[in-house]
Novice: 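Okay, here's the structure, questions in a sec.
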Number of protein chains: 2
Amino acid sequence: MARIPMYRLIEDDLAAQIATGELDVEAKLPSEHELAERYGVSRMTVRQALDRLESVHLIVRHQGSGNFVSPLQVRGRRLTHLTSFTDDLMGVNRKVDTVVIKLEIVPAPGAVADGLHLKPAQAVNHFERLRTVDGVPAALQESWVPYAVAPGLTREGMIDGSLYRTLRHRYGIQLQWADQIITAVQLTTYQSELLEAASGSAALSTRRTAFGRNGQAVEFADSWTLPQFPLYTRIDA
Amino acid sequence: MARIPMYRLIEDDLAAQIATGELDVEAKLPSEHELAERYGVSRMTVRQALDRLESVHLIVRHQGSGNFVSPLQVRGRRLTHLTSFTDDLMGVNRKVDTVVIKLEIVPAPGAVADGLHLKPAQAVNHFERLRTVDGVPAALQESWVPYAVAPGLTREGMIDGSLYRTLRHRYGIQLQWADQIITAVQLTTYQSELLEAASGSAALSTRRTAFGRNGQAVEFADSWTLPQFPLYTRIDA
DNA sequence: TAGTGGTCTAGACCACGAG
DNA sequence: TCGTGGTCTAGACCACTAT
């Protein structure tokens, strides 16, 4: 039985009304008292739903005057939100494939041990993967996952070449957030050959540490992405 | 009179305990009932404080077992969080200067009008700025702000060459979030000369739309940042 | 089973915004 | 002034985790 809390239902209902345009951009929502009565719940419950809508910028609140639909057309295309963790690449109508170039167990190099908060030389799974989009090389990824987190991981055991999906379904690990350092680099000859790009051409370089529900560092990764595949993100103040 | 709500005081108190190590990493917090009694408030108020601590990843929650200090050492150095909006560059102990290369009022070009949700050719303030860090060129920025949002802006009227600070203090506009597209490019000759970099070297390219409290698009900006000045960010799932 | 967090109630008073 | 959101109470029952 999927137990769905009321505030979730209210959130979804209001979100749907905004998505369909029933509640238009910049429209004023019914007052919180009114919503409470309409849904037959207390005002605190309504506010829980509104808190969540505010956190994703679907509404804006103005003390003393009311709650309003955010004047934005994000609806439908969430491109501006970072993609599901599964992939740095946008894949709306695109086919993303993965070639696992390397998968081995090694002692954690210094920077990796730091990033994962491990003692140096503890065992880690090390992956090197090439991502293609519609058959065209898009990114190179090098990842390290503590062996203890995902023991016995094999090339065949990976789901669609997706580390995140594999962690979730085979190991029950749900990633919650990631810290990233992003910069630009010129590709090495080795990298440019794999990516079928001109040697020395520019690429987006990302170094990421991803964390699980309990805040444990689960993955440390470097990636090099061709400029044709930009990164979308949203930053809060 | 700054009226400070209880949940804020509780949040700050717990955050301080975590920062000082009084509540150690991975330590279990007192139960919510216990905290409510200790602070002399209801449990809902305690939960409001805990909600906020959770949202910044200072604690993790486990239904049935308790709330725990997140096993992270973010404390103190928030480098991983994106800087104050004022600047894309990290400036911990560094001196950031700005040269305003250009400031003019122009009809909005197509892409700009799209980004700001304006009608084409509406008047916008157009800036071109060079950022230096400790005297070394770091980034070029080109920004557009609707004239209606910041009328009468002059080079002299800018505070420290900072658009965000100027918007906040001269126009009372507080930016709330921004959508960004990030990729890598090779610098043009013009750009590389200004940045004192080798022509054709790689740079981080960012296209950003920033939004104010009411969700209005306030700024559209392109920037080119040298690889020595990476971008730090945190992504939630 | 006991203890914990997750959800929810039915009120209350305050602070802010607009007329 | 009046309606709105912001904060808060003092409980309640449920769902999950660990023992």
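Computed over heavy atoms, backbone and side chain alike; hydrogens, waters and symmetry mates excluded. Per chain, numbering begins at 1; letters A, B, ... match sequence-line order.
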Novice: Indicate whether OP1 or OP2 belonging to dT7(C) is found under 4.0 Å from a side-chain N or O atom of Tyr7(A).
Specialist: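 Tyr7(A) to dT7(C) OP1/OP2: side-chain N or O found under 4.0 Å.
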Novice: Does any donor atom in the side chain of Gln141(A) or Asp222(A) lie under 3.5 Å from an acceptor atom in the other side chain?
Specialist: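 Side chains of Gln141(A) and Asp222(A): no pair found under 3.5 Å.
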Novice: Using the salt bridge (Lys or Arg N to Asp or Glu O under 4.0 Å) criterion, which residues pair with Asp51(A)? Sequence neighbours excluded.
Specialist: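 Asp51(A) satisfies salt bridge (Lys or Arg N to Asp or Glu O under 4.0 Å) with Arg61(A) only.
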Novice: Backbone N or O of Val41(A) within a donor-acceptor pair of the Thr45(A) side chain at under 3.5 Å?
Specialist: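 Not confirmed, Thr45(A) side chain does not pair with Val41(A) backbone.
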Novice: Rounded to the nearest angstrom, tell me the gap between atom CG in Asp51(B) and atom P in dT7(D).
Specialist: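 Taking CG of Asp51(B) and P of dT7(D), I get 12 Å after rounding.
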Novice: Can you tell me how far C1' of dT9(D) sits from CD1 of Ile10(B), to the nearest Å?
Specialist: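 Rounded to the whole Å, the gap is 13 Å.
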Novice: Can you tell me the distance, in whole Å, between the CD atom of Glu37(A) and the C1' atom of dG11(C)?
Specialist: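 Whole-Å distance recorded here is 14 Å.
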Novice: Would you kindly say whether Thr98(B) and Arg131(B) are connected by a side-chain donor-acceptor distance under 3.5 Å?
Specialist: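 Note: Thr98(B) and Arg131(B) side chains meet the donor-acceptor criterion.
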Novice: Would you indicate, yes or no, if dT7(C) has its OP1 or OP2 atom less than 4.0 angstrom from a side-chain nitrogen or oxygen of Thr45(A)?
Specialist: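 Indeed not, no polar side-chain atom of Thr45(A) lies that close.
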Novice: Taking Pro151(A)'s backbone N and O only, do any of them form a donor-acceptor pair with Tyr171(A)'s side chain (distance below 3.5 Å, no angle check)?
Specialist: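 Yes.
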Novice: What pairs with Ala217(B) under side-chain contact (heavy atoms from CB on, under 4.5 Å), at least two apart in sequence or on another chain?
Specialist: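 Once residues adjacent in sequence are excluded, the partners of Ala217(B) under the side-chain contact (heavy atoms from CB on, under 4.5 Å) criterion are Leu116(B), His117(B), Thr209(B), Phe211(B).
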Novice: Could you check which of dT4(C), dT9(C), dG5(D) has an atom nearest any side-chain atom of Met44(B)?
Specialist: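 Nearest listed nucleotide: dT9(C).
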Novice: To the nearest 0.5 Å, how far apart are NE2 in His126(A) and OG in Ser143(A)?
Specialist: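 Reported value, rounded in 0.5 Å steps: 8.0 Å.
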Novice: Nearest of dG5(D), dA10(C), dT7(C) to any side-chain atom of Arg47(A)?
Specialist: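 The listed nucleotide nearest to Arg47(A)'s side chain is dG5(D).
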Novice: Nearest whole angstrom, please: distance from the P of dT17(D) to the NZ of Lys28(B).
Specialist: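 Result: 14 Å.
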Novice: Under the side chain to side chain donor-acceptor pair (under 3.5 Å) rule, collect the residues that match up with Gln48(B), sequence neighbours excluded.
Specialist: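 Side chain to side chain donor-acceptor pair (under 3.5 Å) check on Gln48(B) returns nothing, list empty.
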Novice: What is the separation between atom CE on Met6(B) and atom C1' on dA10(D), rounded to the nearest whole Å?
Specialist: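 My rounded result for the distance is 16 Å.
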Novice: How long is the line joining CG of Leu35(A) and P of dG3(D), in whole Å?
Specialist: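 Rounded to the whole Å, the gap is 17 Å.
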Novice: Using modelled atom types and a 3.5 Å cut-off, is there a donor and acceptor pairing between side-chain atoms of Asn125(B) and backbone atoms of Glu104(B)?
Specialist: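 No, the answer is negative, given that no donor and acceptor are paired below the 3.5 Å cut-off.
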Novice: Can you tell which of dG5(D), dC8(D), dC8(C) lies closest to the side chain of Asn67(A)?
Specialist: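 For the Asn67(A) side chain, the nearest candidate turns out to be dG5(D).
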Novice: Calculate the interatomic distance between Ile59(B) atom CD1 and dG5(C) atom P; express it in whole Å.
Specialist: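 Between P of dG5(C) and CD1 of Ile59(B): 9 Å.
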Novice: Under the salt bridge (Lys or Arg N to Asp or Glu O under 4.0 Å) rule, collect the residues that match up with Asp12(B), sequence neighbours excluded.
Specialist: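 Expected list: Arg8(B).
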Novice: Specify the angle, to 10°, made by the local axes at the two ends of the helix from dT1(C)-dA18(D) to dA18(C)-dT1(D) when five pairs are taken at each end.
Specialist: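 Overall, the helix from dT1(C)-dA18(D) to dA18(C)-dT1(D) bends by 20° from one end axis to the other.
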Novice: Of the nucleotides dT4(D), dC8(D), dC8(C), which has the atom closest to the Ser42(A) side chain?
Specialist: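 Of all the options, the side chain of Ser42(A) is nearest to dC8(C).
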Novice: Could you say whether Gly40(A) or Gly66(B) is positioned toward the 5' end of DNA chain C, judged by the nucleotide with the nearest heavy atom to each?
Specialist: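 On the 5' side of the pair lies Gly66(B).
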Novice: Taking the side chain of Gln48(B) as its heavy atoms from C-beta onward, which of dA10(C), dT7(D), dT4(D) lies nearest to it?
Specialist: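 Of dA10(C), dT7(D), dT4(D), dT7(D) is nearest to the side chain of Gln48(B).
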Novice: Tell me, for nucleotides 13-19 of chain C in 5' to 3' order, what letter each nucleotide earns: B for a base near a protein heavy atom under 4.0 Å, S for only sugar-phosphate near one, - for neither?
Specialist: --BBS--
Novice: Report the distance from atom CD1 of Ile4(A) to atom P of dC14(D), rounded to the nearest whole Å.
Specialist: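 Taking CD1 of Ile4(A) and P of dC14(D), I get 19 Å after rounding.
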